[in-house]
Amino acid sequence: MSSNQQPIVLGKIGACYGVKGWMKITAYTESLEGIFDYSPWLLFEQGKWREVKVAQWRVHGKAVIAELEGVSTREQAQALTNCEIAILSQQMQDLPEDEFYWRDLIGCEVVNTKGYNMGTVDQILETGSNDVLVVKANAKDAFGKGERMIPFVTEQFIIKVDSEAKQILVDWDPDF
């Protein structure tokens, strides 16, 4: 697997469910069921990625459970506990022009409308009303900031996202 095919982790295998190979699935997708929009999955086990297919799945209470092809016993399912579930980037759905995957924003340089380089996006926090960019400030930040938190509100604070140049233009005071 080449570096441009670095798997994107969407969840992980949880505890066994029953005795017929079913297992709980922890999904990092927006909805629990969203992880099943992708097939095949890649599982990381014993230091390698391997391809697997979901035989069947269902919602169980506030969780989801699944059975993978070739896994039919509790012991086989137990061996997969805590394995990461991933897909290749080519499997990701195309988004409208004004929407972005978080992974595409991480590492972007953040510059304000006055040309001040505020640092790079280190992580993104999900809040109730909007996402928030956590921007790690440059080592010699003129305002003495270690990091900045900028609400990801388009047209108000986020002026432009240039995915190709890995740069985000913001209307944000560097002293905040």
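Only a predicted model underlies this, so the values are computations on that prediction, with no experimental measurement involved. The figures here come from the full heavy-atom set of this structure, side chains too, leaving out hydrogens, waters and symmetry mates.
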Check the orientation of Phe157 and Trp172. Use parallel for under 30°, tilted for 30 to 60°, and perpendicular for over 60°.
perpendicular

Answer with yes or no whether the hydrophobic clustering places Phe176 together with Met149; edges join I, L, V, M, F, W, Y residues whose side-chain heavy atoms lie under 4.5 Å apart.
no

Close side-chain approach of Leu133 and Ile158, heavy atoms under 4.5 Å
yes

Keeping Asn138 on the side-chain end and Asn117 on the backbone end, is there a donor-acceptor pair under 3.5 Å?
yes

Asp162 side chain to Glu164 main-chain N or O, any donor-acceptor pair under 3.5 Å?
yes

Quick check against the 3.5 Å criterion: does Lys166 have a side-chain atom that pairs as donor or acceptor with the backbone of Asp104?
yes

Is there a side-chain contact between Arg103 and Ser89, using heavy atoms and a 4.5 Å cut-off?
yes

With sequence neighbours excluded, residues passing side chain to side chain donor-acceptor pair (under 3.5 Å) with Thr73:
Gln76

Do the side chain of Arg148 and the main chain of Pro174 share a donor and acceptor less than 3.5 angstrom apart?
yes

Taken to the nearest 0.5 Å, the spacing of Ile168 CD1 from Leu105 CG works out to 5.0 Å

Closest non-hydrogen contact found for Tyr38 with Met92 is CE2-CA, 4.2 Å

Close side-chain approach of Val9 and Ile85, heavy atoms under 4.5 Å
no

Distance in Å, Glu51 CD paired with Ile87 CD1, rounded so as to fall on 0.5 Å steps:
12.0 Å

So do Asp171 and Gln156 actually touch side chain to side chain, heavy atoms under 4.5 Å?
no

Does any N or O in the side chain of Tyr101 come within less than 3.5 Å of the main-chain N or O of Gln93, such that one atom is a donor and the other an acceptor?
yes

List for me each residue that meets side chain to side chain donor-acceptor pair (under 3.5 Å) alongside Gln167, sequence neighbours excluded, and say none if there are none.
Glu109

Minimum heavy-atom separation for Ile25 and Ala66, please, with both atom names.
CG1-CB, 3.9 Å

Residue pair Ile124 / Phe152, side-chain heavy-atom distance below 4.5 Å
no

Would you say the side-chain atoms of Trp41 pair up with the backbone N or O of Leu10, donor to acceptor, closer than 3.5 Å?
no

Pair Tyr116-Asp173, side-chain donor/acceptor within less than 3.5 Å
no

Hey, is the main chain of Ile65 close enough, under 3.5 Å, to the side chain of Arg58 for a donor-acceptor pair?
no

What's the shortest heavy-atom distance between Gly14 and Met23, and which atoms?
O-CB, 4.5 Å

What I'd like to find out is whether the side chain of Phe44 reaches to under 4.5 Å of the side chain of Lys12, using heavy atoms alone.
no

Rounded to the nearest 0.5 Å, what separation is found between the NZ atom of Lys145 and the CG atom of Asp175?
5.0 Å

Flag the pair Trp102 / Asp131 as yes when at least one side-chain heavy-atom distance between them is below 4.5 Å, and no otherwise.
yes

If you round to the nearest 0.5 Å, how far is CG of Asn130 from CG of Leu125?
10.5 Å

Val59 versus Glu33, closest heavy-atom pair with distance:
CG2-OE2, 3.5 Å

What are the two closest non-hydrogen atoms of Gly18 and Arg74, and how far apart are they?
O-NH1, 2.8 Å

